[in-house]
Amino acid sequence: MVDILITGGAGFIGSTFVRAALSGELPGLAGARITVLDKLTYSGNRANLAPVADHPGWRLVTGDIADGDLVDTLMRGQDAVVHFAAETHVDRSIHGGGEFVRTNVLGTQVLLESAVRHRVDRFVHVSTDEVYGSIDLGSWDESQPVAPNSPYSASKAGSDLLALAYHRTHGLAVSVTRCSNNYGPYQFPEKMVPLFVTNLLDGRPVPLYGDGRQVRDWLHVSDHCRGVALVLAGGHPGAVYNIGGGTELTNMELTRRLLRACGVGPDRIEHVADRPGHDRRYSVDWTRIRTELGYRPQVPFDAGLAATVDWYRSHRSWWEPLRVAA
Ligand SMILES: NC(=O)c1ccc[n+]([C@@H]2O[C@H](COP(=O)([O-])OP(=O)(O)OC[C@H]3O[C@@H](n4cnc5c(N)ncnc54)[C@H](O)[C@@H]3O)[C@@H](O)[C@H]2O)c1
């Protein structure tokens with residue numbers, strides 16, 4: 001039996017991880033006892049955990065990862081931490097970076113320090129490929145220095161460096177994961193896929209930034225969670241693992257596929273001014289996690305996207321109240 005503290009477990013990816021772990025779908029986590037620590041910000045949602053509400057293997061503690069006393073209380077007796085909690089939306093970080101630094105940098109440092117104090121065996125810090133900056137050709141491997149461009153990615157890069165420093169300085173068994181863009185059910189409808197799908201389902205236009213030629217690698221959230229579980233079980237302390245292997249698409253091409261999936265035409269595209277500092281292309285080389293830990297994405301993009309669109313179509317009651325906050 002393993003006790004695991006999962007931060008941000010009521011958000012999009014964290015809740016997918018919790019649901020999958022409790023359903024026995026993740027390697028190495030059968031029988032785990034899970035404590036979710038989540039502040040339930042605008043993007044955290046109890047409803048994301050409703051499918052496992054009656055499972056006895058977890059509890060939700062509503063609180064802030066930057067609250068040192070609370071974190072210390074919860075950290076006692078934990079074997080592992082999987083750290084998803086963050087402020088995550090680039091556009092919000094452009095309008096105000098304060099919460100991003102407080103949660104992503106300071107909050108991560110509070111968790112790391114407490115994990116050292118309580119001699120936690122494993123700590124997985126969940127990060128993003130956005131810390132590398134933008135790349136026109138080729139792919140980044142994990143030796144690439146960080147060069148973030150948005151306040152969001154800069155705060156994530158800061159937290160990655162702290163995590164690695166706590167390994168080198170204190171011997172904490174931290175691994176860092178850097179994943180490409182996720183899509184799937186339960187994603188807050190401010191991010192591109194759920195925003196566009198819910199707009200289309202409501203008969204509205206979709207706002208496409210700039211020329212729409214920005215390239216992203218899209219990975220189903222369940223593949224990301226499997227990658228994180230593999231790193232938790234077998235990743236090397238002090239190592240960074242890129243998680244990718246989805247499908248590289250321009251935003252324009254993704255938009256076309258979403259329009260098709262929703263049965264509407266290109267007249268629904270509304271071209272809007274580009275996001276300041278918008279990264280042109282992300283692309284990770286995920287050889288390390290494939291060769292060391294046997295990771296492979298399992299969800300084909302077109303099937304995953306079709307299932308995701310269907311999910312939003314049949315879960316209006318989940319997303320309609322959230323659009324007010326978006
Ligand atoms: N979404 C992606 O495509 C993607 C890709 C790569 C990496 N990531 C990383 O994965 C992690 C999860 O992302 P997501 O898309 O699920 O985000 P999300 O915004 O859906 O969820 C974030 C969760 O963190 C919680 N939270 C925020 N501040 C907190 C605080 N101070 N204390 C406790 N809880 C707090 C929120 O309530 C929410 O439940 C993040 O660290 C993000 O950087 C996301």
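We count residues from 1, following the sequence as given. First listed ligand is number 1; within each ligand, the first listed atom is number 1.
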Tell me: protein heavy atom nearest [atom], and distance?
{"atom": "atom 28 (N) of ligand 1", "result": "Thr103 CG2, 3.5 Å"}
{"atom": "atom 11 (C) of ligand 1", "result": "Phe84 O, 3.2 Å"}
{"atom": "atom 32 (N) of ligand 1", "result": "Ile65 N, 3.0 Å"}
{"atom": "atom 3 (O) of ligand 1", "result": "Asn182 N, 2.9 Å"}
{"atom": "atom 20 (O) of ligand 1", "result": "Phe12 N, 3.0 Å"}
{"atom": "atom 21 (O) of ligand 1", "result": "Gly11 CA, 3.4 Å"}
{"atom": "atom 42 (C) of ligand 1", "result": "Tyr152 OH, 3.5 Å"}
{"atom": "atom 7 (C) of ligand 1", "result": "Ser127 O, 3.0 Å"}

Which of the atoms in ligand 1, numbered in the order shown and given with their element, are less than 4.0 Å from a heavy-atom of [X]?
{"X": "Gly63", "result": "32 (N), 33 (C)"}
{"X": "Val126", "result": "10 (O), 41 (O)"}
{"X": "Thr128", "result": "6 (C), 7 (C)"}
{"X": "Asp64", "result": "30 (C), 31 (N), 32 (N)"}
{"X": "Leu40", "result": "37 (O)"}
{"X": "Ala10", "result": "39 (O)"}
{"X": "Asn181", "result": "3 (O)"}
{"X": "Thr88", "result": "13 (O), 17 (O), 18 (P), 19 (O), 40 (C), 42 (C)"}

Have a look at Ala86, Ser43, Gly184 and point out the one with the heavy atom closest to atom 27 (C) of ligand 1.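 Minimum heavy-atom distance to atom 27 (C) of ligand 1 goes to Ala86.
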Using heavy-atom distances only, which candidate in Arg92, Lys39, Lys191, Lys156 approaches atom 29 (C) of ligand 1 most closely?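 Going through Arg92, Lys39, Lys191, Lys156 one by one, Lys39 has the nearest heavy atom to atom 29 (C) of ligand 1.
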Should [X] be counted as touching ligand 1, given the test is an N or O pair under 3.5 Å?
{"X": "Thr41", "value": "yes"}
{"X": "Arg102", "value": "no"}
{"X": "Ala66", "value": "no"}
{"X": "Cys179", "value": "no"}

If we ignore hydrogens and angles and just use 3.5 Å, is the side chain of Gln78 paired with the main-chain N or O of Leu5 as donor and acceptor?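 Looks like yes, one N/O pair under 3.5 Å.
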Given 3.5 Å as the limit, does a donor-acceptor pair link the side chain of Asn199 with the main chain of Pro205, or not?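 It does hold such a pair.
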Under-4.0 Å salt bridge between [X] and [Y]:
{"X": "Arg117", "Y": "Asp72", "answer": "yes"}
{"X": "Lys39", "Y": "Asp67", "answer": "no"}
{"X": "Asp64", "Y": "Arg102", "answer": "yes"}
{"X": "Arg275", "Y": "Asp91", "answer": "yes"}

Any cation-pi pair here, Arg92 with Tyr42, using under 6.0 Å and within 45°?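 Yes, cation above the ring, under 6.0 Å and within 45°.
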Cation-pi geometry met for Arg290 and Tyr295 (6.0 Å, 45°):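 Checked: cation-pi criterion not met.
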Per the ring-ring contact (aromatic ring centres under 6.0 Å, His included) rule, which among Trp311, Trp319, Phe12, Tyr312 passes with Tyr186?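 Looking at Trp311, Trp319, Phe12, Tyr312, the match for Tyr186 under the ring-ring contact (aromatic ring centres under 6.0 Å, His included) is Trp311.
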Rounded to the nearest 0.5 Å, how far apart are CD1 of Ile34 and CZ of Phe17?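 Going from CD1 on Ile34 over to CZ on Phe17, the span is 7.0 Å.
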Output the distance between atom NE2 (His118) and atom CZ (Arg76), rounded to the nearest 0.5 Å.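 If we round to the nearest 0.5 Å, His118:NE2 and Arg76:CZ are 5.0 Å apart.
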Does the side chain of Ser139 pick up a donor-acceptor pair with the side chain of Asp285 at under 3.5 Å?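 No pair is found: no donor N or O on one side chain lies under 3.5 Å from an acceptor on the other.
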Consider only side-chain N and O atoms of Glu130 and Ser150, and report whether a donor and an acceptor are under 3.5 Å apart.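 Result is no, nothing qualifies.
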Please determine which of Asp160, Asn104, Thr108 meets the side-chain hydrogen bond (donor to acceptor under 3.5 Å, both in side chains) test together with Ser155.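 Only one option passes, and that is Asn104.
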Of the side chain and backbone of Ser15, name the one, both, or neither that has a heavy atom under 4.0 Å from an atom of ligand 1.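 Neither part.
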